[in-house]
**Q** 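To start, I am sharing the structure in question, which I have written as structure tokens.
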Amino acid sequence: GRSQFSFFNAVRQERVTREVQIGIDLLKAVQSDSRQFFITYQPQVEIESGRVVGLEALIRWQHPTYGLLMPDRFIGVAELSGLSERLTRWVINEVCAQIAAWKRHSPAFAVPVAVNVAGREMGSVSLPALVRASIERHGLVPADLTLEITERTLVREGEVNNDVLGELESLGVGLVLDEFGTGYSMLGYLKRMPIQALKIDQSFVDGLPGDADSCASVGAMVAVASHFRLKVVAEGIEPAEQAEYLRSIGCR
């Protein structure tokens, strides 16, 4: 443009070029039959008993060039390119098929599995129909599945989310607010939205129990969850001291 100049930044150019290439490769992977995507399952453990009470489904991409990619490397690209709906559909169907397989192997299996849903999809009126169809196709009950949305998504999508969340609640699917405390923390949403649980982000858990600010933040989150009668899940617990501290302040 006029009356301005810019310096070329080789690092930034390389990053942009790589992101464009990932977008192209993502489209190829979604359309391919080569099964580059797969799901790993992270357990949610009841601190007091050590019993597994939930699982979180996490998508991974085995990229032919870059190797194993975590969601933060490609979910944003998927949303911008309009591919997030296809990925969401694949993940939900894949997870439901896996739950059905576990139930065939062990009929008493009753551990809900959580799926992360991108912000773009939480605004889509087709999401409840997709979830319902997948549950029915695999012979499951709605309680087998939980959907996780981030706090930023809940605020950014506004009233569109309200309708979609209401339909999902009517269906009987669990709803969890992920990354609580990292966004706007607007408590009014907890009162109005049919959320059943909060997840405390690992960035807060990492400082426990030695960091006073982390303790204050997490203590406040647990108190908020208790007030709204919500379950609370702490992410990324590592040493036993963290688990003991969380147990002592009421995080189950």
Side-chain angles (χ1 to χ4, degrees), residues 38-60 71 91-92 94-117 131 135 138-151 168-169 171-182 190 193-212 214-252:
F38 64 95
I39 305 290
T40 63
Y41 294 89
Q42 177 171 288
Q44 294 177 358
V45 179
E46 189 175 58
I47 294 178
E48 200 70 51
S49 66
R51 184 170 59 94
V52 174
V53 293
L55 297 168
E56 181 179 0
L58 303 168
I59 187 173
R60 301 288 185 259
V91 170
I92 290 176
E94 190 79 2
V95 168
C96 286
Q98 181 61 72
I99 296 172
W102 282 329
K103 283 179 174 289
R104 287 193 299 271
H105 183 268
S106 178
F109 180 86
V111 177
V113 181
V115 174
N116 295 279
V117 179
V131 172
I135 287 173
H138 296 286
L140 307 181
V141 295
D144 289 327
L145 198 65
T146 299
L147 300 184
E148 292 191 0
I149 57 173
T150 65
E151 185 179 54
L168 292 169
E169 181 192 26
L171 180 61
V173 172
L175 296 168
V176 174
L177 186 60
D178 197 6
E179 299 179 4
F180 184 66
T182 62
L190 300 183
M193 299 294 185
I195 301 297
Q196 298 167 355
L198 301 179
K199 293 184 72 176
I200 299 174
D201 192 73
Q202 185 172 352
S203 60
F204 294 102
V205 175
D206 284 342
L208 300 179
D211 180 65
S214 295
C215 290
S217 298
V218 172
M221 293 179 200
V222 172
V224 166
S226 176
H227 174 79
F228 287 100
R229 296 182 177 85
L230 302 174
K231 295 179 181 178
V232 58
V233 179
E235 290 188 313
I237 299 173
E238 294 292 345
E241 291 80 9
Q242 287 179 346
E244 176 56 30
Y245 178 79
L246 287 162
R247 186 200 63 75
S248 71
I249 62 171
C251 174
R252 293 190 60 200

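Along the sequence shown, the residues carry numbers beginning at 1.
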**Q** With a 4.5 Å limit on heavy-atom distance, are the side chains of Val173 and Ile135 in contact?
**A**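 Yes, close enough: below the 4.5 Å cut-off.
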**Q** Go through the structure and list residues passing side-chain hydrogen bond (donor to acceptor under 3.5 Å, both in side chains) with Gln44, not counting sequence neighbours.
**A**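 Listed in chain order: nothing, the list is empty.
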**Q** Side-chain polar contacts of residues 103-114 - donor-acceptor pairs under 3.5 angstrom, sequence neighbours left out - could you list them?
**A**
residue	atom	partner	partner atom	Å
Lys103	NZ	Phe109	O	3.1
Lys103	NZ	Asp144	OD1	3.4

**Q** Within a strict 4.5 Å, meaning less than it, do heavy atoms of the Ile92 and Val131 side chains meet?
**A** yes
**Q** Tell me, which pairs form a side-chain hydrogen bond (donor to acceptor under 3.5 Å, both in side chains) where one or both residues lie in residues 237-249, sequence neighbours left out?
**A**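 Matches after skipping sequence neighbours: Glu244-Arg247.
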**Q** Under 3.5 Å, side-chain donor or acceptor atoms of residues 50-59 against the rest of the protein: list the pairs with distances, not counting sequence neighbours.
**A**
residue	atom	partner	partner atom	Å
Glu56	OE1	Lys199	NZ	2.8
Glu56	OE2	Asn116	ND2	3.0

**Q** Atom CE of Met193 and atom CD of Glu169: how far apart are they, to the nearest 0.5 Å?
**A**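 Taking CE in Met193 and CD in Glu169, the distance rounds to 11.0 Å.
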**Q** What residues form a ring pair (Phe, Tyr, Trp, His ring centres under 6.0 Å) with Tyr41, not counting sequence neighbours?
**A**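 Here the qualifying residues are Trp102.
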**Q** Does any part of the side chain of Ile237, heavy atoms only, come nearer than 4.5 Å to the side chain of Leu246, both counted from C-beta?
**A**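 Leu246 vs Ile237: side chains touch.
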**Q** Heavy-atom distance under 4.5 Å between the side chains of Leu208 and Val218, does that happen here?
**A**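 The answer is yes; the side chains approach within 4.5 Å.
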**Q** Just how far is it from atom CZ of Arg252 to atom CD1 of Ile47, taken to the nearest 0.5 Å?
**A** 10.0 Å
**Q** Return the CG to CD distance between Leu175 and Glu148, rounded to the nearest 0.5 Å.
**A**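 If we round to the nearest 0.5 Å, Leu175:CG and Glu148:CD are 10.5 Å apart.
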**Q** With heavy-atom distances below 4.5 Å as the criterion, would you say the side chains of Asp178 and Glu235 are in contact?
**A**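 The answer is yes; the side chains approach within 4.5 Å.
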**Q** List for me each residue that meets side-chain hydrogen bond (donor to acceptor under 3.5 Å, both in side chains) alongside Ser49, sequence neighbours excluded, and say none if there are none.
**A**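 Here the qualifying residues are Glu46.
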**Q** Between side-chain atoms of residues 219-227 and protein atoms elsewhere (two or more places apart, or another chain), which donor-acceptor pairs fall under 3.5 Å?
**A**
none

**Q** Nearest 0.5 Å, what's the CD1-CD distance between Ile200 and Gln202?
**A** 12.0 Å
**Q** Mind checking side-chain hydrogen bond (donor to acceptor under 3.5 Å, both in side chains) for Ser214 and listing every partner two or more places apart, or none if nothing turns up?
**A** Asp211
**Q** With sequence neighbours left out, write down each residue that passes ring pair (Phe, Tyr, Trp, His ring centres under 6.0 Å) with Phe38, or none if nothing qualifies.
**A**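 With neighbours one apart ignored, the set is empty.
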**Q** Under the rule for side-chain hydrogen bond (donor to acceptor under 3.5 Å, both in side chains), what residues qualify as partners of Arg60, not counting sequence neighbours?
**A**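 Per chain and number, Arg60 pairs via side-chain hydrogen bond (donor to acceptor under 3.5 Å, both in side chains) with no residue.
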**Q** Could you tell me the separation between the CD1 atom of Ile195 and the CZ atom of Phe228, rounded to the nearest 0.5 Å?
**A**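 The distance works out to 11.5 Å.
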